[in-house]
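Read the structure below first, then the notes.
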Amino acid sequence: DTGVSQDPRHKITKRGQNVTFRCDPISEHNRLYWYRQTLGQGPEFLTYFQNEAQLEKSRLLSDRFSAERPKGSFSTLEIQRTEQGDSAMYLCASSRLAESTDTQYFGPGTRLTVL
Amino acid sequence: AQTVTQSQPEMSVQEAETVTLSCTYDTSESDYYLFWYKQPPSRQMILVIRQEAYKQQNATENRFSVNFQKAAKSFSLKISDSQLGDAAMYFCAYRSAWGGSEKLVFGKGTKLTVNP
C-alpha cells in the first residue's frame with residue numbers, strides 16, 4: 001500500500017475564494033473520512049463515505065463545505081467563500097470495512113491558510 | 001455524545017525511561033474501540049495501538065502498552081524504554097462499534113518531549 005495521499009499539502013487563499021482539496025485513499029479501502037484539525041486541538045470529524053455514498057456529516061460541515069467521492073475512489077472537499085475561521089489542517093483517512101476494528105489510516109493533510 | 005479527555009497537555013521523559021499518558025472518556029455505549037495515535041511534528045498521524053472494549057486483556061505493541069479500565073472509562077498509554085523518535089503529539093480516540101457512528105472522537109492531545 002502506498003498510503004493515503006492528499007493534494008495540495010499547503011494552500012494559501014484570500015477570504016471569499018473557493019478552494020478544493022483532493023484525497024486518494026489506500027487502494028481497496030472502501031471508507032474515506034475527512035477531519036479538520038485546528039492548532040492545539042485534536043482532529044474533528046467532518047464527513048465520511050462508504051464507497052461513493054456519503055453516510056455521515058458533522059454539523060461542522062456548513063453549507064459552504066461540500067465533499068464528493070464520485071467513483072468510490074478519490075474524494076474532493078470544496079470550501080466555498082472561505083473565511084478566516086476555515087484556516088486549519090484538513091486530514092483525510094481511509095479504512096477497509098472488512099477489518100474487525102476498521103482502523104483509519106491518515107494522510108499527511110492539507111494546511112489551509114485564509115488571509 | 002461521546003467525549004475524550006486528555007488531562008496532560010504536555011509530558012516529558014528521559015530517554016530509556018517509562019512514561020504514561022492519561023486518557024478518560026465518556027460514553028453510554030457498551031461496545032466500542034479505543035485508539036492511541038501519534039502525530040510527529042509536521043508529519044502524518046499514525047496508529048500506535050488499539051483496544052477493543054469487549055477484550056479484558058490490555059493491548060501491547062512492542063514498547064507500547066495500554067491500561068484499559070472499562071468501569072473507570074480510562075485508557076492510558078505506557079511507553080517503555082522511551083526513544084527520541086517517540087517525541088510527538090499523542091491523541092487518544094474513541095469509536096463506536098456496531099451500529100454507532102463511524103467517526104473517531106479525539107482528545108486534545110498530549111505533547112511528549114523525550115530528553116536525551
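Each chain gets a letter, A, B and so on, in the order the sequences are listed, and its residues count up from 1.
For B:Q39, the part lying near chain A is the side chain, with the backbone staying farther off; criterion is any non-hydrogen pair under 4.5 Å. The part of A:L91 that comes within reach of chain B is its side chain, from C-beta onward, which places non-hydrogen atoms under 4.5 angstrom from that chain. Interface remark: B:L104 contributes backbone and side-chain atoms alike to the contact with chain A (heavy atom separation under 4.5 Å). Contacts of A:R31 with chain B are made by side-chain atoms alone, with heavy-atom separations under 4.5 Å and no backbone atom involved. At a 4.5 Å heavy-atom cutoff, the contact between A:Q37 and chain B is made by side-chain atoms alone.
Residue A:R64 places its CZ atom among more than 12 non-hydrogen atoms of other residues, nucleotides or ligands, all under 6.0 Å distant. Heavy-atom neighbours of A:I12 CD1 from other residues, nucleotides or ligands within 6.0 Å: at or below the threshold of 12. Crowding of B:L84 atom CG: a count of heavy atoms from other residues, nucleotides or ligands under 6.0 Å exceeding 12. More than 12 heavy atoms of other shown residues, nucleotides or ligands fall within 6.0 angstrom of atom CZ in B:R63. Heavy-atom neighbours of A:E68 CD from other residues, nucleotides or ligands within 6.0 Å: at or below the threshold of 12. Residue A:K11 qualifies as open at atom NZ: its count of foreign heavy atoms under 6.0 Å is 12 or below. Within 6.0 Å of NZ in B:K73 there are more than 12 heavy atoms belonging to other residues, nucleotides or ligands.
Separating the CD atom in A:E44 from the NZ atom in B:K103 is a distance of 10.0 Å, to the nearest 0.5 Å.
Interface summary for chain B: among A:P43, A:S95, A:P108, A:G107, the most heavy-atom pairs under 4.5 angstrom belong to A:P43.
Side-chain contact check for B:R95 versus A:Q104: some heavy-atom pair is nearer than 4.5 Å. Put simply, the side chain of A:T103 reaches to within 4.5 Å of the side chain of B:F35, judged on heavy atoms.
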Let me see the working for B:E102 and A:Q50 under side-chain hydrogen bond (donor to acceptor under 3.5 Å, both in side chains), right down to the final yes or no. CA-CA 10 Å; B:E102 301 298 329; A:Q50 183 165 308; over 6 Å; no
